[in-house]
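Note that the structure is a prediction, hence the values are computed from the model and not measured. So you know, we letter chains A, B, ... as the sequences are listed, proteins then strands, and number each from 1. Worth knowing before you read on, the calculation uses all heavy atoms, side chains too, and leaves out hydrogens, waters and symmetry mates.
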Amino acid sequence: NAGVMQNPRHLVRRRGQEARLRCSPMKGHSHVYWYRQLPEEGLKFMVYLQKENIIDESGMPKERFSAEFPKEGPSILRIQQVVRGDSAAYFCASSPEKDLGVYGYTFGSGTRLTVV
Amino acid sequence: AQSVTQLGSHVSVSEGALVLLRCNYSSSVPPYLFWYVQYPNQGLQLLLKYTSAATLVKGINGFEAEFKKSETSFHLTKPSAHMSDAAEYFCAVTSYNTDKLIFGTGTRLQVFP
């Protein structure tokens with residue numbers, strides 16, 4: 001029973017390139033959450049998705065960032081025209097239902113993005 | 001709005017000593033509270049959670065936390081530190097009517113021999 005799978009583990013991009021981060025939730029989980037961890041900071045919520053729907057994107061930067069969770073395949077966090085400030089660890093979490101008090105999250109190991 | 005404050009970004013203890021990591025929360029509705037541990041270059045692992053049942057919650061690796069509503073606190077303790085406990089610890093809050101966890105800024109625990 002695989003956990004939340006994120007790939008790649010490490011990603012290096014030059015300024016101006018695009019970064020694509022993938023997240024496959026745990027089997028049976030239909031709720032996916034993306035968080036960003038800047039150096040020396042806690043995790044900040046970015047976006048919450050269910051299959052084919054964005055439920056809450058209140059933490060997403062207004063420009064260059066987008067997320068999707070298609071009917072088939074992993075959730076994708078896409079960052080266009082990356083800048084140095086996008087360098088961070090990006091974590092995906094999944095849950096079987098919305099009630100976090102009951103189910104909580106299961107986190108992936110993260111993708112560490114470095115923009116050079 | 002909900003928030004979490006973790007007092008002390010770094011805590012150092014000797015092996016065998018008591019571990020106390022502080023967490024205070026703010027929430028206008030009954031909170032759910034979590035402690036997560038993060039080892040270097042890894043994801044977050046759930047240590048324990050409080051969801052309005054028993055106020056003293058026992059977690060993995062010998063950790064426990066007590067929910068104190070009057071103090072709006074959820075401090076994490078372990079009676080005797082091990083070297084393997086060295087990691088970063090995050091407190092987080094959510095509630096029944098929201099879809100996200102709000103994290104504190106973390107406390108890095110160092111354990112000295």
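When side chains are defined from C-beta on, B:F34 does not count as touching A:Y105, because their heavy atoms never get closer than 4.5 Å.
By the 6.0 Å contact criterion, NZ on B:K58 is open, its count of non-hydrogen atoms from other residues, nucleotides or ligands being 12 or less. Applying the 6.0 Å contact sphere to CZ of A:R64 captures more than 12 heavy atoms from other residues, nucleotides or ligands. By the 6.0 Å contact criterion, CD on A:Q81 is open, its count of non-hydrogen atoms from other residues, nucleotides or ligands being 12 or less.
Both B:V11 and B:F63 are part of a single hydrophobic cluster, where members link through side-chain heavy atoms under 4.5 Å apart. Under the 4.5 Å side-chain heavy-atom criterion for ILVMFWY residues, a single connected hydrophobic cluster contains both B:Y32 and B:L44. Linking Ile, Leu, Val, Met, Phe, Trp and Tyr residues whenever their side-chain heavy atoms come within less than 4.5 Å places A:I54 and A:V32 in a single cluster. Connection of B:V29 to A:F45 is established within a shared hydrophobic cluster, with ILVMFWY side chains joined at heavy-atom distances below 4.5 Å, either directly or through further cluster members. B:L48 and B:Y39 fall within the same hydrophobic cluster, defined by Ile, Leu, Val, Met, Phe, Trp and Tyr side-chain heavy atoms under 4.5 Å apart, directly or through other members.
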Open item on the list: Go through it in stages, so that I can follow the logic: the residues are A:F107 and B:Q38, the test is side-chain contact (heavy atoms from CB on, under 4.5 Å), and I'd like the CA-CA distance, side-chain angles, deciding distance and then a yes or no.
Closed with: CA-CA 11 Å; A:F107 277 90; B:Q38 184 180 31; over 6 Å; no
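Rounding to the nearest 0.5 Å places CZ of A:R9 at 7.5 Å from CD of B:Q42. Rounded to the nearest 0.5 angstrom, B:I102 CD1 and A:L43 CG are separated by 11.0 Å.
Residues of residues 108-116 of chain A having a heavy atom under 4.5 Å from any heavy atom of chain B, listed by number: A:G108, A:S109, A:R112.
Taking both residues in full, the closest heavy atoms of B:L101 and A:Y35 are given as N-OH, 2.8 Å, listed atom of the first, atom of the second, then distance. Between A:Q37 and B:F90 the shortest heavy-atom distance is NE2-CZ, 3.3 Å.
Contacts between B:L46 and chain A at a heavy-atom distance below 4.5 Å are absent for every atom of the residue.
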